[in-house]
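Report on one structure; see the data block that follows.
Values in this document were obtained by computation on a predicted structure and should not be read as measured data. Basis for what follows: all heavy atoms, side chains included, without hydrogens, waters or symmetry-related copies.
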Amino acid sequence: MKLSRPARRASLVVHVVASAAWLGLTVGLLALGVTAATSASPVAVEAAVRCMKLFADWLLLPLALLTLASGLLLSLGTPWGLARHRWVYTKFWLTLGTTVATFFALRPGVDSAVEAVAAGGPLPDAGDVLFGPVVSLSAYVFMTVLSLLKPWGLTRRGRRLRERPAGVRPPLTRSGNGTRPPRRRAHTDAHLDRRTGGPPPLTAGPRPTDASPSDGS
C-alpha cells in the first residue's frame, strides 16, 4: 500500500498536529498534577484533579489513538516502512505503549484521586497524578527527538531490502518450476545451408569447383 502525494501530506499534517497536541496536553496534565500534589488549598487540589479528569477523558485518549493511527498509516504507506528503520520501529512501540498506559494507568489514577478529593478527603497519593504525566512526557520528548534526528540506521529487514537489486523480479514461467524455458529460433532450410552452416548461395546454379573445364584452354 502506497499513499498518493496528497494523502501522504494530509496524513503527515494530521500526525504532526496530533503529536504536538498530545505533547502539550501532557505538559498541562503535569502542571495540574504538581498543583494538586503541592497545594495546601483543598479547593485548588479539587479543581486541579477535576481538570485532569476532564482532559484525560475527553482529549488525551483520542489524541493518543489519532497519533498512533496516523503514524501507522505513514509507516505502511511510505518508503519508510514500519520495520525498516530502527527509529520508526522504536517510535511505534513507544507510542503503542504510552497509549495503553494512558488507558490502564493514567486515567484510573486520576479517577481515584477525583473520588477521594470529592468525598472531602485529602489527595490519597501524589503518584496518582504525577507518575503518569511524568512517564508520558518523557516518552513524548524522546519520540520527538527520534523524529528529528532519525538515528540508528536500518534494521536487519531494512538491510535485506536495500541489498536486493532494484527492479529485479522473479522469472516468469509457465510450468511453475522457477525457470524460463529457452526460446526456440525459427529457421528453415531457406535461411541456413545445411552443408556449410551459412546462408544459401546467391545463385541456383552449380557450385564452382577447383578446376573448371575452361582452365588451361
Side-chain angles (χ1 to χ4, degrees), residues 1-30 55-108 131-186:
M1 180 187 69
K2 295 299 180 183
L3 295 176
S4 62
R5 188 174 183 181
R8 184 173 64 251
R9 288 185 172 182
S11 301
L12 181 60
V13 169
V14 171
H15 182 68
V16 171
V17 171
S19 301
W22 195 8
L23 178 61
L25 183 59
T26 307
V27 173
L29 286 174
L30 181 59
F55 290 159
D57 289 345
W58 295 99
L59 294 177
L60 192 60
L61 193 58
L63 285 175
L65 293 175
L66 184 59
T67 302
L68 179 63
S70 58
L72 186 61
L73 181 62
L74 284 172
S75 300
L76 299 177
T78 62
W80 285 108
L82 182 60
R84 295 182 182 182
H85 297 264
R86 296 181 186 276
W87 72 271
V88 176
Y89 198 60
T90 303
K91 186 180 175 183
F92 167 73
W93 285 109
L94 283 176
T95 304
L96 182 61
T98 50
T99 302
V100 174
T102 298
F103 187 79
F104 290 103
L106 192 150
R107 291 181 63 188
F131 181 75
V134 168
V135 174
S136 299
L137 182 61
S138 302
Y140 304 153
V141 171
F142 181 65
M143 286 187 286
T144 303
V145 173
L146 290 181
S147 300
L148 294 176
L149 300 183
K150 300 176 177 57
W152 305 330
L154 299 171
T155 61
R156 185 178 301 176
R157 171 183 171 83
R159 288 194 297 269
R160 288 200 305 265
L161 293 176
R162 174 168 291 186
E163 291 172 359
R164 180 181 300 175
V168 174
R169 297 181 179 179
L172 299 177
T173 175
R174 295 180 180 179
S175 58
N177 57 2
T179 58
R180 184 191 295 271
R183 295 182 179 180
R184 297 180 179 178
R185 295 182 178 180

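Counting only distance, with no hydrogens or angles, the side chain of T155 and the backbone of R84 share a donor-acceptor pair below 3.5 Å. Side chain of T90 to backbone of W87: no donor-acceptor contact under 3.5 angstrom is found.
Once rounded to the nearest 0.5 Å, the distance linking OG1 of T99 with CG of L106 reads 11.5 Å. We find the OG-CG distance between S136 and L25 to be 10.0 Å, quoted to the nearest 0.5 Å. Taking CG from L74 and CG from L82, the interatomic distance works out to 11.5 Å, rounded to the nearest 0.5 Å. Residue L61 holds its CG atom at 11.0 Å from CG of L66, rounded to the nearest 0.5 Å. To the nearest 0.5 Å, atoms CE (M143) and OG1 (T67) are separated by 8.5 Å. Atom CG in L65 sits 9.5 Å away from atom CG in L60 (nearest 0.5 Å).
In this structure, P133 and T26 approach most closely via the heavy-atom pair O-CG2, 3.6 Å. Nearest heavy atom pair, residue W80 against residue K150, reads CH2-CD, 3.7 Å.
Not counting sequence neighbours, the partners of R107 by the salt bridge (charged side-chain N to carboxylate O under 4.0 Å, His left out) test are D57. The side chain to side chain donor-acceptor pair (under 3.5 Å) check on S70 picks up H15, with sequence neighbours excluded. Remark: S147 pairs with K91 by the side chain to side chain donor-acceptor pair (under 3.5 Å) rule, at least two apart or across chains. Under the ring pair (Phe, Tyr, Trp, His ring centres under 6.0 Å) criterion, W152 pairs with no residue, sequence neighbours left out. Listed by chain and residue number, nothing satisfies the ring pair (Phe, Tyr, Trp, His ring centres under 6.0 Å) test with F55 (two or more places apart in sequence, or in another chain). Not a single side chain to side chain donor-acceptor pair (under 3.5 Å) links R86 to another residue, sequence neighbours left out.
For F131, the CZ atom is loosely surrounded, since the number of other residues' heavy atoms within 6.0 Å does not exceed 12.
By the 30° and 60° cut-offs, the orientation of the rings of Y140 relative to W22 is tilted.
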Quiz item: Does the side-chain contact (heavy atoms from CB on, under 4.5 Å) test come out yes or no for S11 and L3, once each step is laid out?
Solution: CA-CA 9 Å; S11 301; L3 295 176; 4.1 Å; yes
Exercise. Output, in order, the C-alpha distance, side-chain angles, deciding distance and verdict of side-chain contact (heavy atoms from CB on, under 4.5 Å) for L23 and L137.
Key: CA-CA 7 Å; L23 178 61; L137 182 61; 3.5 Å; yes
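Looking at V135 and T98, their side chains never come closer than 4.5 Å, going by heavy atoms from C-beta outward. In this structure, L146 and P151 have side chains that are in contact, with non-hydrogen atoms separated by less than 4.5 Å. In this structure the side chain of R159 never reaches within 4.5 angstrom of the side chain of R162, judged on heavy atoms. Side chains of R157 and Y89 form no contact here, defined as non-hydrogen atoms less than 4.5 Å apart.
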